[in-house]
Structure formats: C-alpha cells, structure tokens
Amino acid sequence: MTDRWNYGAYIQNIVDIGEQFSIMVGGRYERQDVDFIEQVSGATEGQTISDFLPQGGVVFKPTQSTSIYASYTKSFSENSVERRDALGGSFDPERGKQIEIGAKASLWDERINVTLAVFDIEKTNILERDANRDFMLLGELESQGIEFELQALPIEHWQIRVGYAYVDSIISESPDTSLIGARNAFAPAHDGFVWTRYNVPTAVLGGEVGVSLGVNFESKRFTNASAATRVELPSTARVDTAVYYETDNFALALNIENLFDETYFIGGTTDVRLYPGKPRLITLTASTSF
C-alpha cells in the first residue's frame, strides 16, 4: 500500500513589451512524500523528493493572428518507491527538461488554426530492468522532433482535425553501453491522426444529428531497448466512428472503436509479454438534464 502527499507552490510573472512581445518567467517548488507498506511482510519504506523547477518563455506576435514562441521547462517525478535495486536501495526521481520553439496561426476568420513546433526533451534517471530482471536507472533519454496540427471549419457544420508528429527518441546514456543509441521503447517515429465531424444542418426529430470519423496511426515500435528481448510491433491504423443525436436536454451517442476490428498492440515488456489493444467496441450512451 502506498500513500503519497504532494505539495507545491509557484510564482510567475508575465511582462508585455509593446504590443508584439511577451516574456514569461516563473518557477514551481514541488515536494512529494511517499510512504510504502508491504502488505505481506509489513515492511515500511519512505521517500521524500523535492525540487525547484524553473520555466520561461517568450512570445512574438508579428500580426494579430500569428505568433512565434519559445519555451523552456524542467520537471521531475518519483521512481516508484515499491521498486528497489538489486541491493534493496531506492532510486532517485526521474528528471526532465524541454525546449520548444513553435508558431501558431489563425486564418480565414479563424476557420483555420495551425500549430507547428519543434522540441528537444531530455529525461534522466529512467527506471528499467537489466538482464537479471533487477531494476536499474537506465541513464538518459533524448527525444527530438516536430509536430503539426491543423483545425479547420471549411464550411459551416463541418469540422476537421489533422495532426502529425515525427520523433527521434533514443537512449543517449546507459550503464549498458550496448543500449546507447537504441530507440526508446514504445516511441514510434511517426504518429498521426485525422478526425472529422459533420452535423446535419437541419433539425432531425427536433434535435441535431452528427457523424464523426477518425483514424489514428502509429508507425512500428519496440517493446524495450534491448536487442536481445525486444519485439518490433507493427505499425497500426485504427478507425473510430460515431453517430450523435442531441437536443437541449437529451443526448444519445453510438460509438464504434476499432471499426474494422484490427489486431494491434498497445504495450508489452519483453518477447514473451505483449498487450493487445481492444477489439471492436460498440457503446451506446444516453444522458439527460433537467
């Protein structure tokens, strides 16, 4: 059994320089106290972690409908107190930092909104299992990539969302030198989605009827970084759809996930433990308000 107490305090200041520039500087102090009781043996363990996490950013608006930004943030999170190294010791918290540069634009009377960003993320003290199945701190992970998202309303009643990300995510430091340069577990290089919804412009049985369709795509990825035990999971494309009926005080929705009942995997640890995704799932929900 694990009890966690989280505390935090932050400070932030935003300064506008003219009409085009804004600068944000801030930080957050976080502390987490963790108590763990092993149910069988009754053994107890505790851990306290804390840190001050700075953050900052700058925004430049060349026009009222476009902006260019850059940001920097740091983070940390506990490595599970229930997990111990081969000698029974606890682990330092996972830490991270992120730099992001991007641009946003709102066009065509806000009917089109576009976001484009590049990022660099570093994480240290990543917890993994070694060849003997003991937990160890893996070292450092680096992820660099670019992401894009478009939201559009080409005509009234029709919405479209498109997103894509390319991520180069590798192990940059590790006690096991054979892992350095290997791709991170469950880090597809390509990830994207397309979603659309159309609402019938005229009332149907006194309410609004809408239909949506979406496709989520992930390229191939590995279950872990070790070439000895990892499995390459194939790329997946899952199609979801839904039909909606809504009035002022009643809503009905028919959702179908994995429309074509594709076989795909959402997780795993080694070459003998894989977790499949859900088969076709059909749900009907109704709600009302008074």
Side-chain angles (χ1 to χ4, degrees), residues 2 75 77-87 90-96 98 119-148 162-195 214-241 256-282:
T2 304
S75 64
S77 61
E78 59 132 335
N79 274 316
S80 175
V81 71
E82 299 96 328
R83 296 174 176 176
R84 298 282 165 163
D85 62 20
L87 301 177
S90 60
F91 295 100
D92 292 334
E94 178 184 307
R95 298 183 181 275
Q98 176 173 334
F119 56 86
D120 187 312
I121 302 172
E122 293 183 6
K123 290 186 176 182
T124 57
N125 295 340
I126 306 299
L127 200 61
E128 266 286 3
R129 290 186 184 271
D130 61 18
N132 297 320
R133 304 299 295 159
D134 293 320
F135 286 107
M136 61 179 287
L137 291 180
L138 184 65
E140 182 176 287
L141 309 181
E142 289 186 4
S143 299
Q144 299 175 333
I146 183 171
E147 56 186 2
F148 165 83
V162 178
Y164 169 77
Y166 169 78
V167 182
D168 182 20
S169 184
I170 63 168
I171 297 172
S172 53
E173 294 182 12
S174 173
D176 184 349
T177 56
S178 67
L179 297 180
I180 296 177
R183 189 160 193 89
N184 291 326
F186 294 100
H190 305 279
D191 190 339
F193 68 89
V194 178
W195 176 89
V215 180
N216 295 281
F217 170 80
E218 283 188 346
S219 62
K220 62 184 181 181
R221 58 241 187 264
F222 294 105
T223 54
N224 60 61
S226 172
T229 60
R230 71 185 183 187
V231 172
E232 182 181 272
L233 302 179
S235 58
T236 63
R238 194 191 76 187
V239 179
D240 302 330
T241 188
I256 305 176
E257 297 181 32
N258 194 5
L259 178 64
F260 298 111
D261 202 23
E262 295 290 333
T263 299
Y264 65 100
F265 297 91
I266 59 172
T269 53
T270 61
D271 52 354
V272 296
R273 185 172 295 177
L274 302 175
Y275 308 130
K278 293 179 181 179
R280 183 188 295 118
L281 177 64
I282 303 174

Hey, could you give me the [atom1]/[atom2] distance between [X] and [Y], rounded to the nearest 0.5 Å?
| X | Y | atom1 | atom2 | result |
| --- | --- | --- | --- | --- |
| Phe265 | Arg221 | CZ | CZ | 9.5 Å |
| Glu142 | Lys123 | CD | NZ | 13.0 Å |
| Ser235 | Asp191 | OG | CG | 12.0 Å |
| Arg183 | Phe222 | CZ | CZ | 8.5 Å |

Heavy-atom closest contact ([X] atom, [Y] atom, distance):
| X | Y | answer |
| --- | --- | --- |
| Asn258 | Arg238 | CA-CG, 3.7 Å |
| Tyr264 | Thr236 | CB-CG2, 3.3 Å |
| Leu179 | Ile171 | O-CB, 3.6 Å |
| Phe119 | Val167 | CZ-CG2, 3.8 Å |
| Arg280 | Phe260 | NH2-C, 3.9 Å |
| Pro276 | Leu274 | CD-O, 3.6 Å |

Going by atom types alone, do Asn125 and Glu94 pair a side-chain donor with an acceptor below 3.5 Å?
->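 Their side chains do not contain a donor-acceptor pair, so the 3.5 Å distance test is not met.
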Cut-off 3.5 Å, side chains only: do Glu140 and Ser172 have a donor facing an acceptor?
->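 Yes, Ser172 and Glu140 have a side-chain donor paired with an acceptor closer than 3.5 Å.
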Verdict with reasoning, Phe186 to Thr223, per side chain to side chain contact (heavy atoms under 4.5 Å, CB included) = CA-CA 6 Å; Phe186 294 100; Thr223 54; 4.1 Å; yes
Do any N or O atoms from the side chain of Ser169 and from the backbone of Asn184 form a donor-acceptor pair under 3.5 angstrom?
->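 Side chain of Ser169 to backbone of Asn184, a donor-acceptor pair under 3.5 Å: no, none is there.
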